[in-house]
Amino acid sequence: MNEASLFFEVDYYQINKSGMSVAGDVFLSTRSDDGSIVTVLADGLGSGIKANVLATLTAKMASVFVLNSMDIRKSAEIIIDTLPVCSERKIGYSTFTVARIEPDGNVHIIEYDNPGFIFLSTSGAKKINCERIDIKSSPVKKNFINYYTLRLERGDRLVFFSDGVTQAGMGCASTPLGWGSFNTCGYIENLVKTDPGIGAGKLSRSVVSQALAHDIYKAHDDITCEVICCREPRKLLLVTGPSMHPEKDREMSERIRDFKGCRIICGGTTSQIVSRELEMDVEVDISKISKDIPPKSIIKGIDLVTEGILTLCRIAELLESGKFRNSDEANAATEAIAIMMNNDIIYFLVGTRINEAHQDPSMPREIEIRRNIIKKIIYNLENKYLKKTELQFI
Amino acid sequence: MEKIKITICTGTACYVLGGAALLELEDFLPDELKFKVEVVGSACLGMCKNALPDSKPPFVKVDNEVIHSATVQKIISYISQR
Ligand code: FES
C-alpha cells in the first residue's frame with residue numbers, strides 16, 4: 001500500500017421525509033478497478049417508495065456508466081437521454097450528482113438539477129467553474145448538465161446535498177426561502193473552521209441535523225448530505241484471536257503496543273494475552289450493559305477491547321445492513337463500528353489458534369467462523385464503505 | 001465490614017448461556033444485600049473448558065466459591081445463606 005497516496009474518505013447521512021419509511025434520495029458509492037471512487041446522489045421525484053425506485057434506478061445506472069466509461073460527459077448524455085421522463089410535467093424523474101474521484105485526486109462531477117456542491121479547501125469554500133453541456137435530443141425541459149473538473153489536495157473536502165438541505169425551513173419566519181445554498185455553505189465553513197479534522201461522517205451528520213432543525217424537527221423532504229474528505233489516511237489495527245503458536249503472543253502484543261493509530265482488540269482470550277504480555281490490567285466494564293453483546297473491557301491506551309465472536313458477528317451484520325447509522329443501539333459492536341468509520345486503512349491481525357476457552361469437540365470450526373466473519377467485515381468495509389484493509393493471519 | 005465480591009463471567013460461553021441476564025443482578029438485589037456486595041465482571045474464568053455435565057456455564061464466583069449454572073435467584077439465595 002502506497003503510504004503517501006491520497007486517501008478519500010466518503011460518508012453520508014440521511015433522514016427521510018417525516019412519515020416516510022423509505023427515502024426518495026439515494027446515495028451510492030463504489031470503487032472501480034482502477035481505484036477511482038464513484039459516488040451518486042440521486043433525488044427521485046416526489047417521495048416515498050416511488051421516488052426511491054426512480055432514484056435508485058438513476059443512481060445505479062449513473063454509477064455503472066461512469067464506472068465503465070472513460071468520458072464522463074458522454075455518460076451524462078446517455079443518462080439524460082435514457083432517464084424516464086414524467087410525461088405531464090416534462091421533467092426528469094430524478095435529479096442527480098455523480099462524482100468520479102481518481103486516485104491522483106482528479107475529480108469529475110456531473111450535476112443534473114441538484115443543488116450545487118461545495119468545494120472546501122483548507123482556506124474555505126472555492127468556486128469551481130462549470131461547463132454546461134446541452135443535450136438537445138432530450139425531451140426534458142431542463143436538458144443540460146453541469147460538468148466540473150477539479151483537483152483534490154490533502155485537506156480538501158467536497159460536500160453534496162439534496163434540496164432537502166437547501167430548502168429546509170422554507171416558509172418559516174426565519175428562513176422564508178429555505179436555508180439556501182449560501183447559508184448552508186457558511187455553516188459548513190464554520191464547522192470546518194472550528195473542527196479542522198472533522199471527518200465525512202460527522203460533517204454530513206451535522207449538516208443534516210442542522211437542516212432538520214430548520215425544518216423544526218419535522219423533515220419536509222428527504223434530507224441527505226454526502227461528504228468526501230481528502231486526507232492523510234487514518235489507521236486502525238484490529239486484533240482478534242490468539243496466535244497459532246504461543247511464542248507469537250509476544251510479537252502480537254508488541255505490534256499492538258507499537259502501532260501508530262487506533263487499536264481495537266476483539267476477544268477475551270486475546271485481551272488476556274495482551275494484558276499478560278504487556279503487563280497491563282484488563283478490567284471488564286459492566287457499567288453499561290446491552291442485551292445481546294457482552295460488555296467491553298478496558299486496557300489503558302487501547303481504544304476498545306471487546307468480547308470476540310458475538311461482537312464480531314454483530315459488527316458484520318451491522319456493516320452489511322448499514323443500520324448502525326440511524327439506530328439507538330449502543331454496545332461494544334457499535335462502538336467498534338464508530339471507530340472503523342472514523343479510520344481509513346484498517347489492518348486486521350487474526351490469530352488462528354483454536355480457542356480453548358470454548359471447548360467444543362468441533363472447535364476447528366471456530367477458526368473457520370472467525371475467518372469468515374472477518375472476511376465478511378472486510379468485504380463490506382472495502383465495498384460499501386470504501387475503506388482500505390489488510391488482512392494478516394498470525 | 002468487608003464486602004462480598006461477586007464476579008460474573010462475561011466470557012462468550014457464559015454470556016450466551018445466560019450470563020447476559022446476570023449482569024442485571026444489582027437491580028434485583030434485595031435492599032439488605034445491596035450494600036453488602038460488590039459486583040464485578042470478568043473475562044472467561046477458565047471454567048467452561050472443563051465443564052462437566054453437572055457443572056455448566058454461566059459461572060459466577062462469590063468471593064472464592066464458584067456457582068455454576070448461575071441464575072439471579074441462585075446467586076441471591078446463595079449470598080443470603082452465608
Ligand atoms: S466463558 Fe465463563 S468460564 Fe469461560
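A note on names: the letters A, B, ... follow the listed sequences, proteins ahead of strands, and every chain is numbered from 1.
Between K384(A) and S29(A) the shortest heavy-atom distance is O-OG, 3.8 Å.
Using a 4.5 Å cut-off between heavy atoms, V39(B) contacts chain A through both its backbone and its side chain. Neither the backbone nor the side chain of E26(B) comes within contact range of chain A, judged by heavy atoms closer than 4.5 Å.
Counting heavy atoms from C-beta on, the side chains of I394(A) and V350(A) never come closer than 4.5 Å.
A salt bridge links R250(A) with E254(A); the closest basic N to acidic carboxylate O contact falls under 4.0 Å. The residues D249(A) and R353(A) are annotated as salt-bridged, a charged nitrogen and a carboxylate oxygen being separated by less than 4.0 angstrom.
At distances below 3.5 Å, at least one donor-acceptor pair connects side-chain atoms of T10(B) with backbone N or O atoms of S42(B).
Atom CD of E277(A) has more than 12 heavy atoms from other residues, nucleotides or ligands within 6.0 Å.
Within residues 287-302 of chain A, the residues that have a heavy atom under 4.5 Å from a heavy atom of chain B are I289(A), S290(A), K291(A), D292(A), I293(A), P294(A), P295(A), listed by number.
By the side chain to side chain donor-acceptor pair (under 3.5 Å) test, Q272(A) is found to be paired with no residue, residues two or more places apart in sequence or in another chain being considered.
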